[in-house]
Each structure stands twice: as structure tokens, then as C-alpha cells.
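Working notes for the structure below.
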Amino acid sequence: MRNSERVKVKNLLESGTVGAEVAAMGWVRTKRGNKSITFIALNDGSTINSIQVVFDMAVFSEDQLKNVATGACIAVRGKLVESPGSGQRVEIQASYLEVLGEADSATYPLQKKGHSMEFLREIAHLRPRTNTFGAVLRIRHALAFAIHKYFNDRGFIYLHTPIITGSDAEGAGAMFRVTTLDPNNLPRTPEGKIDWSEDFFGKEAKLTVSGQLEAELGAMALSEVYTFGPTFRAENSNTPRHLAEFWMIEPEMAFYDIQDNMDLAEDFLKYLIRYVLTSCADDLEFLKKMYDDELVSRLQLVVDNKFERLTYTRAVEILEKANQKWEFPVFWGADLQSEHERYLVEKHFSKPVILTDYPKEIKAFYMKQNDDGKTVRAMDVLFPKIGEIIGGSQREENYQKLLSRITELGVPEKDVWWYLDTRKFGTAPHSGFGLGFERLVLFVTGMSNIRDVIPFPRTPKNCEF
RNA sequence: UCCUCAUUAGCUCAGUUGGUUAGAGCACCUGACUGUUAAUCAGGGGGUCCUAGGUUCAAGUCCUAGAUGAGGAGCCA
């Protein structure tokens, strides 16, 4: 059977004409039956739902169906009929069966019954075949598509920033080294240090931790740009919210101040969630039923409410007055801890919160300094359950102020001369933010571990598949 | 990286104050059943109790170290 004959399961279930001769291909989820009739639930990933294929054992032999067990891949042809059973609108009355790939039922690891997420991580090559991962991966795709659509519809240019970087100044954490040198035979300088001039790029190279600095270069020409690509952090983070390799979206906009930046971030997040609510309703309903009863209402909460905007200073006042014991003390100048952020979002305001104007000491060198000399125009968007989902700021566009901050923090000027150049030649007020893609998928799917919202997670001590 | 917990059949787990031959459900195999919905019913096979030491007449159970996993924290997106 050829693909041209095949109809996707989603189309058969939603709009298949009763009485039509149809063909389908997919993987067997379950088989049940007796000597006279066999039922197979067939899934091709086009939807969470499987189509029921009915085999009349007067037409098919037991031998033909013997090796068609959970996990096998088959092609079937038959008549689409109204289902007398209660679980589905239509089913295929099979007249032809082709086994494309058997799956030995004694050794195939996936069963009809539930598996733990930990076990499924060990078989990440097969877990897309489960209902849960099918739903998560379809939602992940929908979000990725919606991100491009949102920006494209608003005239943003998709800018491909480098994955390998020679700059160590991004300041967002430990980096992975990229080298072609033989670790057992490293070239040395006369002083005995490693001679990086002998390496592939003639200098030390790393995997990027952020495309922001390059995105700013794009914004200084194209006005509005965004990046959407892989990002790497070599931190030894072992939490349900961190990956060593993850995807990040970083819009960067000329002429936007911090208010414009917040407006964009809020509108963007609401658009994405609304998109999934309407286009992935089946998958969300499944995840809600299986894992998280409040999933849809939590998404609706974000879409329906104006995000609360307040300054860091005001937030510290609220936390100091809160009748609550903190593991970490709250005072002006301290970085806010998870417990503080969660209190603001989940207890005090009960909706997403945007905090602005943080002390400059706890934020990056490129953020625009306020006139008070103490704070910078940073903004963090905090969400229920997962905490910080977006971090951004208005950027410092004044050459002298940026240079003095760089000097204060000891960033080598030779590493960022090109970044400083944008402030020398035609500088402009501009802003941007970073959104961790998997954090967004985590929030939208209600999964509890970030390793379960990316097909092949990379974490400390884990690089299989 | 720190703290806590866990590791027993393919999967999920039970296993009492240390004591005879380590159990259950599901999965798998065999059989029954003329429309099932994670089908049902009957029977069967299946174990390096994470690893290495130690205590003891006796260790799945107690002690030490390690490995792996999870949760919390930090770092952050």
C-alpha cells in the first residue's frame, strides 16, 4: 500500500464519510477480541485518538493477526462504518491487512497500562508512541508554530544568531567548550598554557548561552527581530526546571521602552496560550484528565487576567509585610527566591506578575540604568507553578554608561567591542526579553518535569539517544 | 553542588521485631468466550532483592562506601 492511498486517523475520525472505502497506516495500541472478531486501536500520531479497526475472523485467519500486537505497525484497507460500540463515531471494517513491522510482544517495553515518567525517560526512543508524549509533542509543535506566526504577523524578522560563540561575555552561566584539539596532546605556549591559537577557530570557542547580544545587532538595523534556537548551559543543575540544552526565544526591538516591552511580553504569552487552547483542545483535555485537573483553568486564568505590574521595591515591601516565614530573608537588594516569587504570584495576586526596576547589582551589565542610580529597567514575568518564565529589560543605549558598567564588572572590552559599536553608531532606545521554550511547554502541558517536554533531554550525566 | 528519599519479576509495588521455598496486580505464554473499549475468565512460565564490603548461627531486611533515579534548594530560562 502506498502513502497516497492513506488517510490520516485524525481526518477519518473527524470527517470520514461513512460507507467510503478507506486506508490507514499506523501503530497498534491495543488488540482484543475472540475467535470470531478482533479489535485493534490504531494510532498514527495525527491525533490523541485512535481509530478502531475491526477484523471479522471469518475473513482473516488467526495466523494473520497473531503477530499484530501492541507496538506493531500495520496498513489496513476497509470500509468506514458507523460504530455500534460506544467509544467512537466510526470504525474501519477491515478487508485487507499488511503488516509493515512486527513488535515482539515479549520484549516490546510499552504496555497498555500506565508507565512512570522515569521509566519512559529510559526509553525516550519509544516514548513518542505513548498518548502522553504524543500530546506533549503536538502541543510543543503548535507553540513553536504560533511563535513564528505571531512574530511574522507583526513584521519581526527571524534572525539566526550563532550557536558557536567566541565571546565569553554573555554572562548567563557556565558554557560548554567547542574544540577540535586532541585532549591527549594539547598544544602549549612557551609558558605551558594551552595554545588556543592552534584550535579550529584560532581562539577559545563555546556553545552559546544566549543570542541576545547578536539579536541587538539585528534590531539596530531591522527594527524588530527575534531568535528561536538552541541554547546551552553547562551548569550542574539537577532540577525539574533545567536542561543543559534547551530552546529559547529572544525578541529584540528598536524604539521599544520597558513599557512597550512588557506590553509585548504579555500579549505574546496570551496569544500563545490562546492558540493552544483552541488548536490542541483534545490533547489538553487528555493531559487534564490524566495528570492535572486544573490545567485548563490555569491557562484560562493567564489569558483572562491583566498581568499585575509592580516594581521590585514594591514587591519587597509586600514580602516584608507578609505573614509568612521565609527560608531566605527578604530585604531590599536581595535577589528574590523561588519562595518569594511563588508567594507573589500564587498567594498575593493570584495571577501572573511582572516585576520591574531591580537593583542593578543583581542584574546584567546591559540593562538600562534608571535615574535613581540604584536600579535598572529589568522586567521578569512570573507565572504560577513555574516561576520566572520571561526575563528581559530595556537595554542601555548610552555608550558612556554602558562602557562604565562593563568596566565596573570587569567584562573585557576586546570581547564586546562590536556590541559597544552599536552604541557608538546610530544608537537607539531598545528592549528585549528571553523566553525559555521548554518552560512555556511545561506550563502549557502541565507536565511536572522539563525532561518530559523535550523529545531527547540533555541533563547532567544524561546524553543518551 | 547541598539536603532528603528511593532502588525487590518486563512494568507498578508489598515484604512485619533479621528466621523455612521472596509475593501481588498488570504485561507475557496457553486455553475459553460471536462487538470489545486499559475487554473478561481459568491456568502457566518468569528473580544477580542496584553494586562492593561488613555485622550475625542466619541479611531483601542492620552498618559503611559507591552507582543510578526522584523531590527540595542553589544557579537560571
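Reckoned from all heavy atoms, side chains included, excluding hydrogens, waters and symmetry mates. Throughout, a chain's letter reflects where its sequence line sits, starting with A, and its residues are numbered from 1.
A:Met290 places its CE atom 10 Å from the P atom of B:rA38, with the value rounded to the nearest Å. Rounded to whole angstrom, the span from the CD1 atom of A:Ile37 across to the C1' atom of B:rG35 amounts to 5 Å. In this structure, A:His115 atom NE2 and B:rA70 atom C1' are separated by 19 Å, rounded to whole Å. Straight-line distance from the CG atom of A:Asn236 to the C1' atom of B:rA73: 13 Å, rounded to whole Å. Regarding A:Arg121, its CZ atom lies at a distance of 6 Å from the P atom of B:rG71, rounded to whole Å. Taking atom CG of residue A:Leu336 and atom P of nucleotide B:rA73, one finds them 15 Å apart after rounding to whole Å. Between A:Arg451 atom CZ and B:rG69 atom P there is a gap of 8 Å when expressed in whole angstrom units. Spacing between atom CG of A:Leu435 and atom P of B:rC76 amounts to 18 Å, rounded to whole angstrom units.
No contact: A:Thr107 has no heavy atom under 4.0 Å from any strand. Residue contacts shown for A:Arg29 are absent, as no nucleic acid heavy atom lies under 4.0 Å away. Among the atoms of the strands shown, none is found under 4.0 Å from any heavy atom of A:Thr38. Here A:Gly391 lies out of heavy-atom contact (under 4.0 Å) with every strand. Note on A:Pro84: a base of the nucleic acid sits closer than 4.0 angstrom, heavy atoms only. Among the atoms of the strands shown, only primed sugar atoms or phosphate atoms (P, OP1, OP2) are found under 4.0 Å from some heavy atom of A:Gly436. Residue A:Gln212 is classed as having no contact, given no heavy-atom separation below 4.0 Å to the nucleic acid. If you check every strand for non-hydrogen atoms under 4.0 Å, A:Leu243 touches a base.
Of the candidate nucleotides B:rU34, B:rC11, B:rC76, B:rC76 has the atom nearest to the side chain of A:Arg233. The side chain of A:Val54 sits closest to B:rG35 out of B:rA70, B:rG74, B:rG35. Among B:rA70, B:rC33, B:rU68, the nucleotide with an atom closest to any side-chain atom of A:Asn449 is B:rA70. In the set B:rU36, B:rG69, B:rG72, the nucleotide with an atom closest to the side chain of A:Pro240 is B:rG72. In the set B:rG74, B:rA39, B:rG35, the nucleotide with an atom closest to the side chain of A:Gln337 is B:rG74. Nearest to the side chain of A:Glu118, among B:rU34, B:rA70, B:rU37, sits B:rA70. For A:Thr30, counting side-chain heavy atoms from C-beta on, the closest listed nucleotide (B:rC76, B:rA39, B:rC11) is B:rA39.
Comparing B:rU12 with B:rC75, their C1' atoms are spaced 35 Å from each other, to the whole Å. B:rA42 and B:rA27 are spaced 13 Å apart, taking the P atom of each and rounding to whole Å. B:rA52 and B:rU8 have their P atoms separated by 16 Å, given to the nearest Å. Taking atom P in both B:rC13 and B:rC76, the straight-line distance is 35 Å, to the nearest Å. B:rC5 and B:rG45 are spaced 35 Å apart, taking the C1' atom of each and rounding to whole Å. Nucleotides B:rA22 and B:rC49 have their C1' atoms positioned 8 Å apart, rounded to a whole Å. B:rG19 and B:rU37 have their P atoms separated by 43 Å, given to the nearest Å. Nucleotides B:rA24 and B:rC62, compared at atom C1', are 26 Å apart to the nearest Å.
Going from atom CG of A:Asp56 over to atom CD1 of A:Ile37 covers 6.5 Å, rounded to the nearest 0.5 Å. Note that CG of A:Asn449 is 10.0 Å distant from CE of A:Met117, once rounded to the nearest 0.5 Å.
Listed pair A:Arg32 / B:rU36 fails the phosphate criterion, with no side-chain N or O lying under 4.0 Å from OP1 or OP2. An OP1 or OP2 oxygen of B:rU12 is reached within less than 4.0 angstrom by a side-chain nitrogen or oxygen of A:Ser116.
Pairing partner, B:rC2: B:rG72, with both Watson-Crick or wobble hydrogen-bond distances short of 3.5 Å. Look at B:rU40: its Watson-Crick or wobble partner, with both distances under 3.5 angstrom, is B:rA32. Remark: B:rC13 base-pairs with B:rG23. Criterion, Watson-Crick or G-U wobble with two distances under 3.5 Å. Across all strands shown, B:rA59 forms no Watson-Crick or G-U wobble pair with both key distances under 3.5 Å. The nucleotide B:rG66 finds its pairing partner in B:rC50, both defining distances of the Watson-Crick or G-U wobble pair being shorter than 3.5 Å.
When all heavy atoms of A:Tyr419 and A:Leu213 are compared, the closest pair comes out as CE1-CD2, 3.5 Å. Taking both residues in full, the closest heavy atoms of A:Ala135 and A:Ile48 are given as CB-CD1, 3.9 Å, listed atom of the first, atom of the second, then distance. Closest approach of A:Ala103 to A:Ala72, counting heavy atoms only: CB-N, 3.6 Å.
Between the base of B:rC76 and the side chain of A:His242 there is a donor-acceptor pair shorter than 3.5 Å. For B:rG35, the base has a donor-acceptor partner in the side chain of A:Glu91 [N/O atoms by modelled type, under 3.5 angstrom]. Looking at A:Gln52, its side chain comes within 3.5 Å of the base of B:rU36 through a donor and an acceptor atom. Contact annotation: side chain of A:Ser237 to base of B:rC75, donor-acceptor pair present below 3.5 Å. For A:Asn238 against B:rU1, a side-chain-to-base donor-acceptor contact under 3.5 Å is present.
Shown are A:Arg451, A:Arg140, A:Arg241, A:Arg458; of these, the salt bridge (charged side-chain N to carboxylate O under 4.0 Å, His left out) with A:Glu438 is made only by A:Arg140.
Judged by distance alone, the side chains of A:Tyr366 and A:Gln212 do bring a donor and an acceptor atom under 3.5 Å apart.
Sequence order on RNA chain B of the closest nucleotides to A:Glu327 and A:Gln88 puts A:Gln88 first from the 5' end. If A:Lys31 and A:Phe119 are placed on RNA chain B by their nearest nucleotide, the residue sitting closer to the 5' end is A:Phe119.
Between A:Phe232 and A:Phe176, the ring-plane angle classifies as perpendicular under the 30° and 60° cut-offs. Between A:His125 and A:Phe465, the ring planes lie parallel to each other; the angle is under 30°, not in the 30° to 60° tilted range. Using a 30° and 60° split on the angle between ring planes, A:His160 and A:Tyr158 fall in the tilted class, from 30° to 60°.
For A:Phe268 and A:Phe151, the gap between ring centers is short of 6.0 Å.
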For nucleotides 23-31 of chain B, give me every protein contact, N/O to N/O, under 3.5 Å, one pair per line with atom names.
| residue | atom | partner | partner atom | Å |
| --- | --- | --- | --- | --- |
| B:rC29 | OP1 | A:Ser105 | OG | 3.1 |

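A salt bridge does not link A:Glu14 with A:Arg89: every distance from a Lys NZ or Arg NE/NH1/NH2 to an Asp or Glu carboxylate oxygen is 4.0 Å or more.
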